[in-house]
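For the numbers below, each heavy atom of this structure counts, side chains included, while hydrogens, waters and symmetry mates do not. Just so it is clear, the model here is predicted, and its values are computed rather than measured. Here is the naming used below: chain letters follow the sequence lines, and residue numbers restart at 1 for every chain.
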Amino acid sequence: MKLATWNVNSLNVRLPQVLDWLRDNPVDALGLQELKLTDDKFPQQAFTDIGYHAVWTGQKTYNGVAILSREPGEDVTRDIGNYTDIQRRVIATTLPSPAGPVRVVCVYCPNGQALDSDKYVYKLEWFLALRDWLKSELARYPRLAVLGDYNIAPADEDVHDPAKWEGGVHVSPPERDALKQLIGLGLSDAFRLFEQPPKSFSWWDYRMMGFRRNAGLRIDHILLSDPLREVCTACDIDKGPRGNTQPSDHTPVIATLTF
DNA sequence: ATGGTCGTGAGACGA
């Protein structure tokens, strides 16, 4: 079973690239972030045509998340428990697997903008709410995968130039602590279960030829509960789509589970 | 060089 995540930065613009990628990488589930379209504009038929089910929650201009899957899902959730948030950042569904139900949670975590921003306060609050909700999800679903754009680079090795980024959003100690609190629920960063090339990133700024210089961050993650960690046999970043014409600034991350 | 580039949607704003 392969699970993937990709922040597409507008599904309107990136739909052809998503379809192409799925033809080459027929994963069992793909979480998408930053759809930037309303529910009525979601291109369901295009995914149906290539054999994928879809669940989504959209929003005009900003945010929006979806999960595409080979098998239909159950128990779709579009909120973090009781946390009231007009921003559409979470969707979850339960998929079948040989080992039993796998809960897939797709998240588009807040960016935070800057350490002195109200958006940074919102980001940290949002992560607390996510943690509390994931704790209850984990109790209900032992096989839990939480994938998406976390907008947090877990460690300096996930940053192209730690000195330049120090004191900035995505790397600050409170943000890294927020991510560690998710890990502390009993989740593992699938990417770090394996030996990886140095300077592995999942996002590169459009500006300053960030991709060409490999000036990136690893901020897109797949977190796995212990029963899934035990069967995870690979986790890789596919840099290919970042080299496309008119690319997203993020590229997919894929985890392989072998039951 | 304190900027740069995208996407959205029609001027900034968010990332």
Side-chain angles (χ1 to χ4, degrees), chain A residues 5-21 30-43 46 56-66 80 85-91 106-127 130 147-154 158-172 174-176 178-179 201-221 237-253:
Chain A
T5 178
W6 191 6
N7 179 326
V8 292
N9 185 20
S10 170
L11 186 56
N12 279 325
V13 173
R14 235 64 70 187
L15 176 62
Q17 294 182 40
V18 175
L19 296 173
D20 284 349
W21 190 82
L30 172 61
L32 301 173
Q33 302 90 39
E34 283 206 270
L35 306 181
K36 296 188 174 180
L37 46 72
T38 48
D39 282 342
D40 57 307
K41 297 283 175 37
F42 187 86
W56 63 92
T57 181
Q59 184 181 335
K60 184 178 168 63
T61 310
Y62 306 111
N63 309 310
V65 288
I80 309 174
D85 191 355
I86 59 167
Q87 302 190 30
R88 308 320 298 156
R89 296 184 174 278
V90 175
I91 191 161
C106 173
V107 296
Y108 173 50
C109 306
N111 177 290
Q113 194 170 57
L115 299 200
D116 59 355
S117 167
D118 289 345
K119 296 185 180 70
Y120 182 76
V121 176
Y122 164 66
K123 181 176 191 174
L124 295 179
E125 285 178 356
W126 190 93
F127 266 94
L130 179 66
L147 48 82
D149 175 3
Y150 288 77
N151 269 310
I152 297 173
D158 304 308
V159 180
H160 71 96
D161 186 345
K164 180 177 274 186
W165 280 81
E166 187 170 1
V169 76
H170 305 298
V171 304
S172 72
E175 290 168 271
R176 285 177 169 172
L179 185 56
F201 307 124
S202 65
W203 169 89
W204 299 262
D205 201 305
Y206 284 123
R207 295 166 291 188
M208 295 287 288
M209 297 186 291
F211 184 56
R212 193 170 302 182
R213 296 188 297 120
N214 197 29
L217 302 175
R218 192 175 69 90
I219 55 177
D220 300 271
H221 310 299
I237 295 171
D238 178 7
K239 288 171 70 171
R242 188 60 178 80
N244 289 350
T245 303
Q246 202 175 17
S248 169
D249 46 353
H250 296 251
T251 211
V253 183

Counterpart residues, side-chain contact (heavy atoms from CB on, under 4.5 Å), relative to A/S10 (two or more places apart): A/N12, A/V13, A/K36
side-chain contact (heavy atoms from CB on, under 4.5 Å) involving A/T38 - partner list, sequence neighbours excluded: A/D40, A/K41, A/K60
Please give, in whole Å, the distance from [N] [atom2] to [X] [atom1]?
{"X": "A/R14", "N": "B/dA15", "atom1": "CZ", "atom2": "C1'", "result": "13 Å"}
{"X": "A/Q33", "N": "B/dG7", "atom1": "CD", "atom2": "C1'", "result": "16 Å"}
{"X": "A/Y62", "N": "B/dG9", "atom1": "OH", "atom2": "P", "result": "9 Å"}
{"X": "A/N63", "N": "B/dT8", "atom1": "CG", "atom2": "C1'", "result": "13 Å"}
{"X": "A/D149", "N": "B/dA15", "atom1": "CG", "atom2": "P", "result": "10 Å"}
{"X": "A/K123", "N": "B/dA15", "atom1": "NZ", "atom2": "C1'", "result": "11 Å"}
{"X": "A/N151", "N": "B/dG14", "atom1": "CG", "atom2": "C1'", "result": "11 Å"}
{"X": "A/H250", "N": "B/dA15", "atom1": "NE2", "atom2": "P", "result": "11 Å"}

How far, in whole Å, is [M] from [N] if one measures between their [atom1] atoms?
{"N": "B/dG3", "M": "B/dG7", "atom1": "P", "value": "23 Å"}
{"N": "B/dA15", "M": "B/dG4", "atom1": "C1'", "value": "14 Å"}
{"N": "B/dT2", "M": "B/dT8", "atom1": "P", "value": "30 Å"}
{"N": "B/dC13", "M": "B/dG9", "atom1": "P", "value": "16 Å"}
{"N": "B/dC6", "M": "B/dA10", "atom1": "C1'", "value": "16 Å"}

Just N and O in the side chain of [X]: are any of them under 4.0 Å from OP1 or OP2 of [N]?
{"X": "A/K60", "N": "B/dG9", "value": "yes"}
{"X": "A/K119", "N": "B/dG14", "value": "yes"}
{"X": "A/Q113", "N": "B/dC13", "value": "no"}

Check whether any side-chain N or O of [X] sits under 3.5 Å from a backbone N or O of [Y] as a donor-acceptor pair, and report yes or no.
{"X": "A/R89", "Y": "A/V65", "value": "no"}
{"X": "A/R218", "Y": "A/S202", "value": "no"}
{"X": "A/R176", "Y": "A/A153", "value": "yes"}

Sugar-phosphate, base or nothing in reach of A/F211, heavy atoms under 4.0 Å: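 The answer is nothing, as A/F211 stays clear of every strand by at least 4.0 Å.
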Per A/N111 side chain, nearest of listed nucleotides B/dA15, B/dG14, B/dG9: B/dA15
A/T61 side-chain proximity, nearest of B/dG7, B/dA15, B/dG9: B/dG9
Residue whose closest nucleotide on DNA chain B lies nearer the 5' end, A/S10 versus A/Q87: A/S10
Upstream residue (5' side of DNA chain B) when A/V13 and A/P110 are each assigned their closest nucleotide: A/V13
Using the 3.5 Å cut-off, write out each protein N or O paired with an N or O of nucleotides 3-5 of chain B and the distance between them.
none

A/L130 vs A/E125 side-chain heavy atoms within contact, under 4.5 Å: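 They are not in side-chain contact.
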Name of the residue among A/I152, A/V159, A/N111 meeting side chain to side chain contact (heavy atoms under 4.5 Å, CB included) with A/H170: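 Testing each of A/I152, A/V159, A/N111 against A/H170, the sole residue satisfying side chain to side chain contact (heavy atoms under 4.5 Å, CB included) is A/N111.
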Step-by-step side chain to side chain donor-acceptor pair (under 3.5 Å) determination, A/D220 to A/W203: CA-CA 8 Å; A/D220 300 271; A/W203 169 89; over 6 Å; no
Rounded distance [0.5 Å steps], CG in A/D149 versus OG1 in A/T5: 7.5 Å
Residues which pass ring-ring contact (aromatic ring centres under 6.0 Å, His included) with A/F42, listed by chain and number, not counting sequence neighbours: A/F47, A/W56
Please list every donor-acceptor pair under 3.5 Å in which a side-chain atom of residues 161-168 of chain A meets a protein atom from a residue at least two apart or in another chain.
| from | atom 1 | to | atom 2 | distance (Å) |
| --- | --- | --- | --- | --- |
| A/D161 | OD1 | A/A163 | N | 3.4 |
| A/D161 | OD1 | A/K164 | N | 3.2 |
| A/W165 | NE1 | A/H160 | NE2 | 2.9 |

Just the atom pairs and distances: protein N or O near nucleotides 10-12 of chain B's N or O, under 3.5 Å.
none

